[in-house]
There are 2 protein chains.
Amino acid sequence: MGSRQTSTVHGLRRENRARALWDLYLHGPGSRQRIGAGAGVSTGTVSNVVGDLMEQGLVQESGSVPSGGGRPSSIVQIDPGYAFVVGVDVGESSVLVELFDLAMQVRGRHRIPTELTRLAPAEVVEQIVAGVAAVLAQSGVATDDVLGVGVGVPGLVEHSPLAVVHAQTVGWDAVPLEALLHERTALPLAVDNGAKLLGQAEHWFGAARGAADVVVVLLGHGLGTSIFTRGSGAWAPMSSPGEWGHTAVVVDGQPCRCGARGCLEAYVGAGAVAARYDVLRGGPAEGPDDLETRVTELLARADSDPASATVLAELVRYLGAGIGNLVNVYSPSRVVLGGWLGRQVAELRMPELAAAAAQNALRTPFEDVELLRADLGADAVALGAATLPVGRFLSSGGQRDAVLGSRPA
Amino acid sequence: MGSRQTSTVHGLRRENRARALWDLYLHGPGSRQRIGAGAGVSTGTVSNVVGDLMEQGLVQESGSVPSGGGRPSSIVQIDPGYAFVVGVDVGESSVLVELFDLAMQVRGRHRIPTELTRLAPAEVVEQIVAGVAAVLAQSGVATDDVLGVGVGVPGLVEHSPLAVVHAQTVGWDAVPLEALLHERTALPLAVDNGAKLLGQAEHWFGAARGAADVVVVLLGHGLGTSIFTRGSGAWAPMSSPGEWGHTAVVVDGQPCRCGARGCLEAYVGAGAVAARYDVLRGGPAEGPDDLETRVTELLARADSDPASATVLAELVRYLGAGIGNLVNVYSPSRVVLGGWLGRQVAELRMPELAAAAAQNALRTPFEDVELLRADLGADAVALGAATLPVGRFLSSGGQRDAVLGSRPA
DNA sequence: GCACTTAGTTCACGCCTTGAAAGAAGTGGG
DNA sequence: CCCACTTCTTTCAAGGCGTGAACTAAGTGC
């Protein structure tokens with residue numbers, strides 16, 4: 001990761017290009033005045049910078065709005081079709097590849113059902129490569145017009161500097177995924193944890209949008225979080241609590257699939273919920289094999305089935321404690337609860353969840369916090385992954401070459 | 001908080017001045033070549049910038065070193081006496097005020113015994129003001145030569161934008177400490193949590209020095225942490241987990257003085273340790289009134305007193321779990337354990353503590369982590385507080401006016 | 001149609017960094 | 001003792017950049 005090159009007078013222009021682009025990206029089409037105000041530069045400079053960007057074709061005029069008795073603002077925007085990005089979601093049961101334009105509209109989609117635990121990493125790489133080829137073919141987009149491929153994976157991602165994936169739960173031990181992908185594609189790559197990327201998507205486009213300090217909690221089979229704190233807005237990389245699901249909330253408590261005991265995931269993860277229900281019912285129940293379906297159905301009858309109600313209440317208690325912990329540590333102004341299971345819990349028991357969190361949080365940080373359900377579905381992992389090359393592109397000031405980024409030496 | 005003003009060509013010079021100063025500050029006296037390499041600018045520019053700084057008197061020549069058959073490097077350094085800073089530690093039992101030069105050598109010290117819980121905030125403000133006057137008088141330093149006053153306090157500090165302190169444990173509820181101080185002094189102020197500042201001191205000068213990702217744990221009466229992650233080096237503000245001591249490690253566990261249950265502090269804080277010992281002994285024991293002395297003596301006889309051994313073992317178990325949680329979440333390369341109690345535990349049971357942490361951490365992040373005892377004593381809170389105005393000064397490129405910072409409008 | 005308002009553009013000016021060339025200050029061999 | 005060589009620092013012309021002011025553009029309302 002090269003440090004910010006703002007020492008030279010040339011880097012200055014790049015910085016101002018980047019600011020203009022981020023402004024247009026995050027706040028939508030706007031006038032040159034707004035860009036100037038947001039970036040803290042004079043209107044003269046904005047004219048110059050925007051002129052450059054229009055010449056390059058990245059930015060285009062898009063109408064004008066009246067301005068109360070004066071010359072109307074002419075509105076500029078990023079051309080959505082200037083370039084494209086690919087987002088990949090390597091999930092436990094499928095690999096999803098999506099192609100987006102710069103407005104993050106889906107231009108192509110390709111899903112490959114798979115069982116991650118039974119696949120060698122090399123096979124996953126092949127699926128990704130095939131998926132990328134498929135979405136490009138579908139949409140007729142040329143490889144040269146793709147800025148890069150973002151990939152979301154389960155587990156812990158170590159950047160050293162190429163991404164290496166450690167995902168004990170699916171049997172990936174130090175898989176050099178980025179290096180493997182580099183052998184099979186020339187496109188710039190960016191790999192990160194799927195939960196973090198879903199959080200990123202919520203932060204850019206969903207319920208976490210616009211909040212200064214926000215925590216996104218993702219609850220499904222596993223449990224993860226993304227933290228965005230002041231100052232680390234669009235300009236800085238996001239903060240990265242990796243494996244929050246495996247923090248102890250009951251020292252020496254329930255055994256967890258990670259090998260430790262008392263992890264939060266061992267109380268609120270889908271597997272834990274299903275298992276606890278079986279215990280309450282005195283044995284494994286009949287029902288669908290698929291964990292997601294089973295848990296969904298189970299929770300849906302919480303109003304009629306006492307065991308289900310108990311399971312849900314316990315889930316709320318522990319998840320609330322976990323959220324309380326996050327609030328104490330980060331003092332966010334907003335907490336967003338996502339993931340297929342998290343969204344269901346939010347639907348069914350939001351008030352109870354807030355109360356449980358309040359019980360475990362200090363009054364001061366908690367009284368300012370908003371607890372919300374996530375806007376975006378689970379598919380948004382691919383969207384979040386796609387934000388990675390977009391972010392690089394914008395921060396580079398819209399220079400394609402600069403996006404290349406993490407190539408092996 | 002003004003956002004980085006690197007848009008103008010003027011701010012560029014400021015940025016390069018700042019880089020040169022940070023380099024000299026963190027790496028000590030050095031050649032212009034080193035500065036250029038570190039800051040990524042040409043030697044010509046370094047000459048210019050350093051020339052400016054020398055003219056200003058901030059930087060001075062300090063000898064030269066041979067360079068293997070060529071012109072020797074001339075070494076420059078920051079003049080330690082160019083300006084001074086004050087660090088204040090508002091502790092539960094005393095207010096400590098220290099005056100430092102730019103080399104962070106103590107030039108004056110003034111400690112006022114106090115009982116924070118019985119004092120009105122206004123009285124504390126008077127003590128701080130008196131302490132500042134005292135250290136200035138002691139050392140003969142003029143007020144004009146003081147860059148600012150950093151203040152470390154217990155509890156949660158909210159910057160909105162002036163610092164407001166919430167410390168339930170000492171009865172401070174939304175105390176506008178910075179505003180109160182502004183009424184009594186013209187010096188620039190910076191207020192933050194004491195544990196964070198101690199972590200900052202360890203990061204700049206102690207056992208955490210030089211580590212890319214590091215977590216500093218502070219264990220005393222209470223429990224806090226400072227997190228420093230990649231990218232948030234000296235350039236970015238530190239990450240700020242406020243009240244990590246009040247995260248639940250046993251949902252619905254021991255009641256804590258914060259009102260919740262099962263907080264980590266309720267298991268490893270000094271009060272908890274003493275109370276647990278009393279329970280094991282079947283009632284309040286004889287002994288010194290002062291909690292610090294009592295706990296220190298108690299732990300010292302862990303080899304002969306079974307109750308003491310049990311208490312220490314439990315403390316290690318819970319603290320280890322907490323450290324494991326931190327490792328999972330932040331993947332630090334180093335964990336530093338400080339605070340008067342933390343340092344004792346590190347002394348007595350480091351291997352056991354590491355084992356307990358390993359039990360609760362995922363293998364991948366844990367295998368790379370170093371667990372160390374803090375270098376600096378508890379006095380370092382004042383040192384850490386003093387880094388705040390220093391940091392502002394350096395980041396501003398050594399412009400005194402820019403340090404003023406957070407004045408009321 | 002004219003004064004007024006607001007948005008965007010142009011341009012002289014000053015400041016900045018660079019890269020090359022020159023200068024300074026040593027070492028070591030002949 | 002001198003001269004070639006190395007290494008570090010300074011100087012300087014060239015080119016780029018943002019600013020602020022003047023100016024142009026494009027509306028509104030009386």
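Lettering follows sequence order; numbering is per chain, from 1.
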- request: Report the residues that fulfil salt bridge (charged side-chain N to carboxylate O under 4.0 Å, His left out) with Asp79(B), sequence neighbours left out, ordered by chain and then residue number.
  value: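 Salt bridge (charged side-chain N to carboxylate O under 4.0 Å, His left out) check on Asp79(B) returns nothing, list empty.
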Roughly, in whole Å, what's the span from [atom1] in [X] to [atom2] in [N]?
X: Arg32(A); N: dT10(C); atom1: CZ; atom2: C1'; value: 14 Å
X: Gln33(B); N: dA25(C); atom1: CD; atom2: C1'; value: 14 Å
X: Asp52(B); N: dT10(D); atom1: CG; atom2: P; value: 12 Å
X: Arg14(B); N: dT17(C); atom1: CZ; atom2: C1'; value: 17 Å

I'd like a table of donor-acceptor pairs (distance under 3.5 Å, sequence neighbours excluded) in which one partner is a side-chain atom from residues 139-150 of chain B, with atom names and distances.
| residue | atom | partner | partner atom | Å |
| --- | --- | --- | --- | --- |
| Ser139(B) | OG | Val135(B) | O | 2.7 |
| Ser139(B) | OG | Leu136(B) | O | 3.3 |

task: Classify every nucleotide of nucleotides 12-21 of chain D by which part a protein heavy atom approaches to under 4.0 Å, writing B for the base, S for the sugar-phosphate alone and - for neither, in 5'-to-3' order.
output: -----SSB--
- request: Can you check each nucleotide of nucleotides 24-30 of chain D against protein heavy atoms at under 4.0 Å and return B for base, S for sugar-phosphate only, - for none, in 5' to 3' order?
  value: -BBBS--
message: Mind checking if Ser73(A) touches a base, just sugar-phosphate, or nothing, with heavy atoms under 4.0 Å?
response: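 Sugar-phosphate contact only.
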- prompt: Which is true for Ser67(A) with a 4.0 Å heavy-atom rule: it touches a base, it touches only sugar-phosphate, or it touches nothing?
  reply: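 It contacts sugar-phosphate atoms only.
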query: With sequence neighbours left out, what residues match Tyr25(A) under ring pair (Phe, Tyr, Trp, His ring centres under 6.0 Å)?
result: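 Listed in chain order: Trp204(A).
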message: Under 4.0 Å, heavy atom to any atom of DNA chain C: which of residues 54-64 of chain B qualify?
response: none
- prompt: Is there a donor-acceptor contact under 3.5 Å from the side chain of Arg334(A) to the main chain of Arg209(A)?
  reply: yes
task: Indicate yes or no for a side-chain donor-acceptor contact from Ser64(A) to the backbone of Ser74(A) under 3.5 Å, with no hydrogens or angles considered.
output: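 A pair under 3.5 Å: no.
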Contacts of [X] that satisfy side chain to side chain contact (heavy atoms under 4.5 Å, CB included) - sequence neighbours left out:
X: Glu55(A); result: none
X: Ser47(A); result: Arg32(A)
X: Pro29(A); result: Ser62(A), Ile75(A), Gln77(A)

query: With Ser73(A), which residues qualify under side-chain hydrogen bond (donor to acceptor under 3.5 Å, both in side chains), at least two apart?
result: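 Per chain and number, Ser73(A) pairs via side-chain hydrogen bond (donor to acceptor under 3.5 Å, both in side chains) with no residue.
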field: Residues which pass side-chain hydrogen bond (donor to acceptor under 3.5 Å, both in side chains) with Asn48(A), listed by chain and number, not counting sequence neighbours
entry: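 So Asn48(A) forms no side-chain hydrogen bond (donor to acceptor under 3.5 Å, both in side chains) with any residue.
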field: Pairs meeting criterion ring-ring contact (aromatic ring centres under 6.0 Å, His included) with involvement of residues 28-76 of chain B, two or more places apart
entry: none
